[in-house]
Protein chains: 2
Amino acid sequence: MVGRMQCSPTGPRKGRARLTGRTGRPRSAAADAAILEATRAALVELGWGKLTMGDVAARAKVAKTTLYRRWAGKNELVLDAVAVLFDELELPDRGSLKDDIEGVVLQFAALLARPETKTALMAVVAESTTDDALRTRIREAVVERQKRLVVQGRQRAQRRGELPPDGGGPEGAAAAARSVDLIFDVIAGAVVHRALVSGEPVDAAWAARFTTLLLAGLRGLESRD
Amino acid sequence: MVGRMQCSPTGPRKGRARLTGRTGRPRSAAADAAILEATRAALVELGWGKLTMGDVAARAKVAKTTLYRRWAGKNELVLDAVAVLFDELELPDRGSLKDDIEGVVLQFAALLARPETKTALMAVVAESTTDDALRTRIREAVVERQKRLVVQGRQRAQRRGELPPDGGGPEGAAAAARSVDLIFDVIAGAVVHRALVSGEPVDAAWAARFTTLLLAGLRGLESRD
DNA sequence: GCTCTTTCGCTACGAGTCGTAGCGTAACTC
DNA sequence: GAGTTACGCTACGACTCGTAGCGAAAGAGC
């Protein structure tokens with residue numbers, strides 16, 4: 001729920017918000033769900049370019065004005081509609097760093113194979129190049145949240161002894177953060193580029209080759225850093 | 001000139017086309033240049049989302065109908081307008097594979113830092129997910145043409161002895177082609193992701209770290225492939 | 001020169017989308 | 001019950017799209 005304009009849909013209140021709860025008719029949580037679902041359906045059928053606010057409203061069976069009361073525009077709506085899909089990504093423990101990476105690469109590829117995610121992700125990123133607020137939202141809703149997978153995989157590999165532990169002190173923490181950022185960009189970037197720009201399949205064979213490359217690089221990088 | 005509808009702008013004819021040359025008033029090459037330049041200017045000022053065909057026509061001082069006579073729509077026009085920028089990329093020989101890669105990474109980053117390229121590239125790729133013809137054009141006009149940089153860098157490194165030579169026979173050639181594809185997706189993907197999705201700068205320090213990672217991976221990959 | 005062919009600029013048009021305003025009604029809090 | 005907010009609906013001006021039709025311009029072929 002990144003692009004919501006005000007707040008407080010119907011549902012359980014948190015903390016002292018119960019006391020300061022706003023009066024009046026609450027927003028329908030069901031409408032929210034219907035709108036986001038309708039947005040995803042419209043993305044599948046029409047793609048980003050031909051998707052219109054009026055069409056989404058009709059699918060969700062809400063008034064067009066209700067859409068504009070909650071989201072500033074198409075960008076924010078679509079971002080919210082697809083951001084939740086990225087939270088489904090997980091990092092199952094397959095016993096080795098190589099298998100962990102291959103697993104997450106294939107999972108990510110499956111997500112990007114869905115028509116609603118691929119058309120929406122690229123389009124929203126494109127719009128974010130001329131909209132700073134949108135860029136911030138993308139970072140919060142997608143980028144930063146998925147870095148957890150890299151952090152998690154790295155910790156596991158360090159526990160297994162496959163990678164050296166972080167250096168001590170603030171310096172070591174900064175170096176570790178830089179490594180996480182770099183690895184994240186390499187993995188996500190390579191998969192996205194292969195799938196959407198090159199337009200070729202991210203299958204098990206490619207994932208294996210990519211992982212081999214990355215793993216060799218990781219050992220070289222970590223041993224000297 | 002990928003998205004042109006028919007052909008033959010004013011200019012020197014090639015081969016026997018001189019004899020079979022069509023009669024009638026030729027298309028204005030100056031108008032072509034003005035339109036593409038106007039498109040880039042509009043991209044800078046408005047970004048993909050707010051760019052309109054009417055606006056481009058006004059900037060280029062041509063009639064809107066002239067635009068539609070040459071390009072099917074916004075997608076094709078913008079692709080042609082930015083594709084030429086990618087041809088400026090070169091691979092200067094800096095003496096070592098590491099320096100060559102760092103150089104091309106920084107060059108690519110500088111290209112992606114330009115507002116017209118970043119907003120256009122992502123948007124056109126997004127549209128291509130629901131338009132097969134457009135996807136093919138992107139591959140021809142951008143992707144395949146830039147793979148030359150990888151091929152070139154690889155050959156240089158092999159000549160220097162920094163990488164092992166390709167294996168013999170059709171099998172070796174296929175493996176080499178797969179390697180080129182993989183490396184291309186990793187380099188281009190990582191830089192694009194860092195610059196546009198993560199939204200952080202691709203500076204010399206990042207390029208050095210990335211190159212170190214890739215280089216270690218390359219040696220590991222090539223030695224066993 | 002002349003004719004033929006194609007492109008050009010211009011105007012006008014219906015269709016579709018945008019985002020908002022206004023209104024009466026529904027839902028919930030105190 | 002009073003107060004407040006969300007909702008559905010309609011209508012609207014502004015804008016963009018992509019096309020059609022016209023007369024004029026620019027070159028090719030004779």
Side-chain angles (χ1 to χ4, degrees), chain A residues 3-13 16-35 38-39 42 46-78 123 127 131, chain B residues 3-13 16-35 38-39 42 46-78 123 127 131:
Chain A
R4 303 295 297 283
M5 304 207 65
Q6 293 167 8
C7 53
S8 77
T10 301
R13 302 287 171 71
R16 63 194 183 84
R18 182 189 302 274
L19 299 175
T20 353
R22 302 204 313 198
T23 69
R25 177 177 179 176
R27 286 190 174 169
S28 162
D32 256 58
I35 291 170
T39 304
L46 307 173
W48 165 269
K50 294 181 181 172
L51 180 147
T52 68
M53 297 293 271
D55 185 78
V56 171
R59 287 171 191 260
K61 291 173 184 168
V62 296
K64 198 173 56 165
T65 45
T66 298
L67 275 185
Y68 283 104
R69 287 190 187 102
R70 306 189 184 197
W71 286 276
K74 189 167 152 176
N75 294 339
E76 291 78 5
L77 171 62
V78 169
E127 289 300 306
D131 181 341
Chain B
R4 301 296 294 282
M5 306 207 65
Q6 293 167 7
C7 53
S8 77
T10 301
R13 302 288 169 71
R16 62 193 184 87
R18 183 188 304 272
L19 298 177
T20 350
R22 301 201 313 196
T23 69
R25 177 177 178 176
R27 286 191 174 169
S28 161
D32 255 58
I35 291 170
T39 304
L46 306 173
W48 165 269
K50 296 180 181 173
L51 180 147
T52 67
M53 297 293 271
D55 185 79
V56 171
R59 287 171 191 262
K61 292 173 184 168
V62 297
K64 199 173 54 164
T65 45
T66 299
L67 274 185
Y68 283 104
R69 286 189 188 104
R70 306 188 184 195
W71 288 276
K74 188 167 152 177
N75 295 339
E76 291 78 5
L77 171 61
V78 169
E127 290 300 305
D131 182 341

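Residue numbers start from 1 in every chain, and the chains themselves are labelled A, B, ... in the order their sequence lines are given, proteins ahead of strands.
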Distances under 3.5 Å between protein N/O atoms and the N/O atoms of nucleotides 23-26 of chain C, please, pair by pair.
{"residue": "dA26(C)", "atom": "N3", "partner": "Arg25(A)", "partner atom": "NH1", "Å": "3.2"}

Mind checking what makes side-chain contact (heavy atoms from CB on, under 4.5 Å) contact with [X], not counting sequence neighbours?
| X | answer |
| --- | --- |
| Ala31(B) | Ser28(B), Val62(B), Arg70(B) |
| Ala33(B) | none |
| Lys64(B) | Ala57(B), Tyr68(B) |

TODO: Sequence neighbours left out, what passes salt bridge (Lys or Arg N to Asp or Glu O under 4.0 Å) with Asp55(B)? Give chain and number order.
DONE: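 For Asp55(B) the salt bridge (Lys or Arg N to Asp or Glu O under 4.0 Å) partners, ignoring immediate neighbours, are Arg59(B).
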
Task: Spacing between Leu67(A) atom CG and dA6(D) atom P, to the nearest angstrom - done: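 Value for this atom pair: 15 Å.
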
- [ ] For Leu51(A) and Ala42(A), work out which heavy atoms get closest and say how close.
- [x] CD1-CB, 3.6 Å

Open item on the list: Restricting to non-hydrogen atoms, name the atom on Met53(B) and the atom on Leu67(B) that form the minimum distance, rounded to 0.1 Å.
Closed with: O-CD1, 3.3 Å

- [ ] Could you tell me whether the side chain of Lys61(A) and the main chain of Ala34(A) form a donor-acceptor pair under 3.5 Å?
- [x] no

Open item on the list: For a quick test of reading the model: is some side-chain N or O of Thr23(A) closer than 4.0 Å to OP1 or OP2 of dG3(D)?
Closed with: no

Open item on the list: Less than 4.0 angstrom between a side-chain N/O of Ser28(B) and OP1 or OP2 of dT7(C), yes or no?
Closed with: no

- [ ] Indicate yes or no: at least one non-hydrogen side-chain atom of Thr52(B) is less than 4.5 angstrom from one of Leu46(B).
- [x]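 Side-chain contact under 4.5 Å: no.
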
Task: 5' priority, DNA chain C, between Gly24(B) and Ala63(B) [closest heavy atom] - done: Gly24(B)

- [ ] Would you mind building the protein contact string for nucleotides 13-21 of chain C? One character per nucleotide, 5' to 3', B for base within reach (heavy atoms under 4.0 Å), S for sugar-phosphate only, - for untouched.
- [x] ----SBBBB

